[in-house]
Amino acid sequence: MRYHEITVHTTEEAIEMISNFIHELGAGGVSIEESGTLNKKRDTSLGQWYEMPLNDIPEGRAVIKGYFTEGTEMGPIVNELKERIEQLAEFDIDTGHPTYELQDVDDEDWANAWKQYFKPLRISERLTIKPTWEEYTPGPEEIILELDPGMAFGTGTHATTALCLRTLESVIQGGEDVIDVGTGSGILAIAAAKLGAKHVLALDLDPVSVSSATENTHLNGLDDRITVKLSDLLGVLKESGTQEGASVSVKLPVQIVVANILAEIILLFVKDVYDALVSGGTYIVSGIILPKQEPVEEALKAEGFEIAGRNVEGDWVVIIARKP
């Protein structure tokens with residue numbers, strides 16, 4: 001089977017928004033490659049050594065590819081994508097004068113070939129992400145997150161996901177109810193459950209992500225502790241019609257909410273998160289590029305949150321906020 005491949009050469013700052021646009025326009029898959037420059041700060045906490053650049057993409061740039069089934073009329077899609085990307089300037093997102101390419105490829109070129117580069121990845125002292133097709137023998141204290149991301153976001157390799165995973169590890173004490181907003185492949189929900197959360201409600205607006213997260217939940221044997229639902233942000237909580245949360249399998253209000261999504265989207269539902277948390281509850285917010293940190297923190301504080309901490313990797317930041 002052949003696919004139409006659209007390539008966008010843009011900036012790392014615009015990755016999340018453009019990737020989301022391509023998904024919304026009907027892509028069956030999206031690949032992202034960031035700059036491999038040696039100037040970029042990299043995680044060396046577990047002894048990693050970087051001797052050569054990982055690719056020839058200029059510093060600060062990124063290449064995003066979207067794949068559409070053969071027969072799709074690509075003209076209107078390309079035009080719509082260009083219009084949406086141009087509108088990002090209104091949100092002060094630098095797209096870096098993007099350029100576009102369009103070609104046809106065989107499914108083997110993208111659907112499976114990438115798997116050879118996705119190997120078991122040690123995220124922290126305890127957490128390791130293991131692709132389902134790889135053999136791996138864990139250490140005695142190691143927590144394995146089995147993952148087949150399929151066509152959904154979230155292999156754990158992106159800085160925002162890794163930051164969230166490490167932050168969850170430091171925050172979860174055991175027995176908490178957790179909500180994961182924008183779950184993607186379900187990786188954060190799975191990590192939360194394996195770190196000791198009592199129950200996790202994993203939400204996503206994308207049916208592909210809901211399907212992927214459900215499958216990965218099953219692969220990890222967590223069907224009884226993770227509930228995956230289709231929801232526009234926290235909309236499912238209002239639709240459940242109960243403050244007891246029976247229909248969403250968590251007891252409201254919860255102790256932890258985690259959202260690894262775009263800064264612009266985070267600003268849309270700060271009050272909803274505040275209302276969903278117990279007093280003393282924690283909100284872990286990621287998907288935020290450094291220039292967006294200040295407006296996000298200001299919005300959190302305006303709603304009543306206290307900023308309890310921050311973790312930074314490269315150009316990305318995770319904010320830890322607490323409800324008094």
Side-chain angles (χ1 to χ4, degrees), residues 1-34 55 57 61-91 93-118 131-133 147-155 157-158 161 182-187 203-216 228-233 260-262 264-265 287:
M1 188 171 181
R2 290 180 65 77
Y3 287 81
H4 303 300
E5 177 190 75
I6 182 169
T7 302
V8 183
H9 298 265
T10 183
T11 63
E12 291 184 0
E13 178 179 348
I15 285 175
E16 303 273 355
M17 288 294 288
I18 294 177
S19 299
N20 189 53
F21 290 158
I22 294 173
H23 270 290
E24 290 180 341
L25 289 169
V30 176
S31 71
I32 301 167
E33 190 173 13
E34 298 179 351
N55 55 47
I57 299 174
R61 302 287 296 183
V63 177
I64 305 172
K65 297 178 184 288
Y67 298 91
F68 296 81
T69 54
E70 189 174 23
T72 302
E73 182 59 49
M74 292 303 296
I77 290 175
V78 173
N79 291 336
E80 174 71 13
L81 180 61
K82 288 181 178 179
E83 288 180 14
R84 292 193 186 189
I85 293 175
E86 288 175 4
Q87 291 170 359
L88 290 178
E90 300 174 11
F91 299 96
I93 295 176
D94 178 17
T95 58
H97 305 290
T99 58
Y100 305 84
E101 299 170 11
L102 188 63
Q103 66 173 341
D104 291 340
V105 297
D106 292 324
D107 58 357
E108 179 62 25
D109 292 339
W110 70 275
N112 294 305
W114 66 274
K115 291 184 177 181
Q116 65 183 301
Y117 302 107
F118 183 22
T132 55
W133 56 87
L147 193 70
D148 184 348
M151 294 185 294
F153 285 109
T155 61
T157 57
H158 194 273
T161 309
T183 194
S185 63
I187 186 170
L203 306 176
D204 207 293
L205 184 59
D206 180 10
V208 173
S209 292
V210 170
S211 176
S212 178
T214 301
E215 176 61 24
N216 284 315
V228 185
K229 282 189 173 289
L230 187 72
S231 176
D232 185 358
L233 302 177
N260 181 24
I261 50 182
L262 301 171
E264 288 75 17
I265 306 301

Could you tell me if the side chain of Leu233 sits less than 4.5 Å from the side chain of Ile261, heavy atoms only?
yes
Could you walk me through whether Ile18 and Leu88 pass the side chain to side chain contact (heavy atoms under 4.5 Å, CB included) check?
CA-CA 9 Å; Ile18 294 177; Leu88 290 178; 4.1 Å; yes
Quick one: does any side-chain atom of Asp204 pair with a main-chain N or O of Gly184 as donor and acceptor, under 3.5 Å?
yes
Interatomic distance, Asn216 atom CG to Ile187 atom CD1 [nearest 0.5 angstrom]:
8.5 Å
Does a side-chain heavy-atom distance below 4.5 Å link Tyr3 with Thr72?
no
Is Thr10 reaching over with its side chain to a backbone N or O of Thr95, donor-acceptor style, under 3.5 angstrom?
yes
Would you confirm whether Arg84, through its side chain, and Met17, through its main-chain N or O, come within 3.5 Å as a donor-acceptor pair?
no
For a quick test of reading the model, state the closest non-hydrogen atom pair linking Arg61 to His97 and the distance between them.
NH2-O, 4.3 Å
Mark yes or no for whether Thr214, through its side chain, and Val210, through its backbone, hold a donor-acceptor pair below 3.5 Å.
yes
So with a 6.0 Å cut-off around CZ of Phe91, is the heavy-atom count from everything else above 12?
no
For side chain to side chain contact (heavy atoms under 4.5 Å, CB included), just list the numbers for Ile6 and Leu81, CA-CA rounded to whole Å, side-chain angles, deciding distance to a tenth of an Å, and then say yes or no.
CA-CA 10 Å; Ile6 182 169; Leu81 180 61; 3.6 Å; yes
Go through the steps for Glu101 and His9 under the test side chain to side chain contact (heavy atoms under 4.5 Å, CB included), then give the verdict.
CA-CA 9 Å; Glu101 299 170 11; His9 298 265; 2.9 Å; yes
Which atom of Val228 lies closest to which atom of Ala213, heavy atoms considered:
CG1-CB, 3.9 Å
Taking side chain as C-beta onward, heavy atoms only, is Thr7 less than 4.5 Å from Val63?
yes
Just verifying a value: how many Å separate Leu147 CG and Glu215 CD, rounded to the nearest 0.5 Å?
11.0 Å
Taking every non-hydrogen atom, the tightest pair across Phe68 and Gly26:
CE2-C, 3.6 Å
Closer than 3.5 angstrom, by distance alone: can the side chain of Arg2 be matched with the main-chain N or O of Glu70 as a donor-acceptor pair?
no
Looking only at heavy atoms, which two atoms of Ala14 and Asp94 are closest? And how far apart?
CB-O, 4.1 Å
Minimal non-hydrogen separation, Leu230 against Pro207, with atom names:
CD1-N, 3.9 Å
Please answer whether the main-chain N or O of Gly287 pairs with a side-chain N or O of Asn260 as donor and acceptor at a distance below 3.5 Å.
yes
Closest contact, heavy atoms only, Thr69 versus His4:
O-CD2, 3.4 Å
Report yes or no: does Ser231 contribute a side-chain atom to a donor-acceptor pair with the main-chain N or O of Leu203 at less than 3.5 Å?
no
